[in-house]
Amino acid sequence: MQNSKREDQSWLKLLVILNFITLLGLLTIMGESGDMADMNLDNPETILKLKILQGVSSILIFIVPAVMFASFWTNAKINYLGVKANASAKIVFIGATGMLMALPLINWFAGINEKMQLPASMSAIERWMQESEAKAEVLTKAFTAGTTVDVLIVNLIVVALIAAVSEEFFFRGILQKVLAECFKNKHIAVWTAAIVFSAFHMQFYGFLPRMLMGAYLGYLFLWSGSIWVSIAAHFINNGMAVYLLWLQNKGVIRADLDKMGSDENEWVSVVISLIMVVSSLI
């Protein structure tokens with residue numbers, strides 16, 4: 001009786017999760033109101049402190065709540081997150097490779113998203129979105145600046161690994177599974193979680209490609225049953241971006257190499273990318 005009662009609380013679980021996400025979003029918006037000009041982003045020590053703060057925040061905001069949620073509010077306990085589900089190296093490799101092959105397709109959708117224009121009546125919202133995007137770009141450039149190996153390692157840990165683990169635990173391991181319990185439809189759960197995942201980042205000119213990436217990660221988790229498969233793919237996506245930017249800083253590769261697929265004349269690479277992504281899911 002107690003177990004069934006706990007599982008009947010799916011909608012209450014969803015309400016709590018969505019309220020938590022909304023609160024985090026509001027706090028993020030309030031935090032953006034600060035003037036970044038007060039921060040010396042050219043100072044390596046300042047950037048290192050910001051990276052440490054981001055890493056610790058990701059753990060406290062996503063990983064800790066996800067683990068506590070699973071441990072105290074589900075019958076499966078920590079296994080609810082899919083951390084104990086076995087996944088073969090082959091499945092992990094295919095999922096991660098599919099994410100890597102998705103780069104041209106993601107860039108193509110990003111190009112479409114960047115052309116988005118809101119009606120004149122929503123000019124204030126559009127201006128806020130543009131300002132938010134500009135601030136995110138400044139921070140991203142500051143975080144990924146540098147050519148030393150230690151900078152690369154720190155970025156791979158904070159921007160790639162911690163971000164992948166924390167976001168997959170929360171958005172796939174918790175939110176997606178609760179949505180599936182509520183709607184009794186796994187596809188609705190995957191796409192709704194992907195939309196929330198993308199919206200939470202508050203970078204609306206990258207909303208579409210991030211949503212599609214979230215859906216891909218969601219299906220990896222759904223069909224493998226292991227959170228480590230989606231974590232591996234997420235890490236590859238973030239890690240490759242970090243590594244390419246590091247190589248650009250060193251002058252090893254062209255600055256536009258990570259934009260493959262965004263040009264209108266590169267439709268062949270986009271089609272091949274789509275085929276590879278679908279094949280990896282199959």
Centroid-centroid distance, Tyr219 to His187, less than 6.0 Å: yes
Neighbour count above 12 (heavy atom, 6.0 Å) for Tyr243 OH: no
Distance-minimising heavy-atom pair for Ala180 and Ala189: N-CB, 3.4 Å
Qualifying salt bridge (Lys or Arg N to Asp or Glu O under 4.0 Å) pairs with a residue from residues 151-177, counting only residues at least two apart or across chains: Glu168-Arg172
Spacing of Ile91 atom CD1 and Asn86 atom CG [to the nearest 0.5 Å]: 12.5 Å
Minimum side-chain heavy-atom gap Trp191-Leu212 below 4.5 Å: yes
CG-OG distance between Leu81 and Ser226, expressed to the nearest 0.5 angstrom: 11.0 Å
Side-chain heavy atoms of Leu179 within contact of Leu14, under 4.5 Å: yes
By side-chain contact (heavy atoms from CB on, under 4.5 Å) - contacts of Lys250 (at least two apart): Thr147, Trp246, Val252
4.5 Å side-chain heavy-atom contact, Leu245 and Gln248: yes
Check: Ser198 side chain, Phe207 main-chain N or O, donor-acceptor pair, under 3.5 Å: yes
Worked verdict on Phe169 versus Ile231 for side-chain contact (heavy atoms from CB on, under 4.5 Å): CA-CA 8 Å; Phe169 268 34; Ile231 286 176; 3.7 Å; yes
Criterion side-chain contact (heavy atoms from CB on, under 4.5 Å) on Leu26 and Thr22, from CA distance to verdict: CA-CA 6 Å; Leu26 291 175; Thr22 301; 4.3 Å; yes
Test side-chain contact (heavy atoms from CB on, under 4.5 Å) applied to Phe170 and Ile61, step by step: CA-CA 9 Å; Phe170 191 88; Ile61 290 174; over 6 Å; no
Side-chain donor or acceptor of Lys51 paired with backbone N/O of Asn155 under 3.5 Å: no
Sub-4.5 Å side-chain heavy-atom contact between Leu50 and Gln54: no
Atom of Thr140, atom of Thr144 and distance for their closest heavy-atom approach: O-OG1, 2.7 Å
same_hphob_cluster(Val138, Leu53) at 4.5 Å side-chain heavy-atom cutoff: no
Over all atoms of both residues, closest heavy-atom pair of Gly95 and Ala233: O-CB, 3.7 Å
Pair Phe221 + Trp228: ring centers closer than 6.0 Å: no
Met99/Met213 under side-chain contact (heavy atoms from CB on, under 4.5 Å): CA gap, chis, key distance, verdict: CA-CA 8 Å; Met99 178 59 76; Met213 185 187 81; 3.4 Å; yes
Leu161 side chain near Leu156 side chain, heavy-atom distance below 4.5 Å: no
Test item: Ser166 side-chain N/O and Ala163 main-chain N/O as donor-acceptor pair under 3.5 Å: yes
Check: Ser269 main-chain N/O paired with Ser273 side-chain donor or acceptor under 3.5 Å: no
Spacing of CG belonging to Leu103 relative to CH2 belonging to Trp108, to within rounding of 0.5 Å: 15.0 Å
Ile63 with Leu175, same ILVMFWY side-chain cluster at under 4.5 Å: yes
For the student: nearest non-hydrogen atoms of Gly146 and Val151, plus distance: CA-CG1, 4.4 Å
Leu220 side chain reached by Leu281 side chain, heavy atoms, under 4.5 Å: yes
Check: Phe62 ring centre within less than 6.0 Å of Phe200 ring centre: yes
Connected via hydrophobic side-chain network under 4.5 Å: Phe235 and Phe93: no
Atom pair CZ (Arg210) and CD (Gln203), whose distance is rounded to the nearest 0.5 Å: 4.5 Å
Contact summary for Asn238 and Val159, nearest pair of heavy atoms: ND2-O, 3.2 Å
Minimum side-chain heavy-atom gap Leu100-Met276 below 4.5 Å: no
Counterpart residues, side-chain contact (heavy atoms from CB on, under 4.5 Å), relative to Phe69 (two or more places apart): Lys13, Ile17, Trp73, Thr74, Tyr80, Ile174, Val178
Gap separating the CD1 atom of Ile112 from the CG atom of Asn107, nearest 0.5 angstrom: 11.5 Å
Euclidean distance, Ile94 CD1 relative to Ile282 CD1, rounded to 0.5 Å: 11.5 Å
Nearest non-hydrogen partners of Glu181 and Ser10, listed with the distance: OE1-OG, 2.9 Å
In one Ile/Leu/Val/Met/Phe/Trp/Tyr side-chain cluster, 4.5 Å: Phe20, Met68: yes
Pairwise side-chain contact, Val229 with Trp223, heavy-atom cut-off 4.5 Å (strictly under): no
Salt-bridge contact Lys141-Glu137 (side-chain N to carboxylate O under 4.0 Å): yes
Exceeds 12 heavy-atom contacts within 6.0 angstrom, atom CG of Asn19: yes
Hydrophobic cluster identity match, Phe171 and Leu15, side-chain contacts under 4.5 Å: no
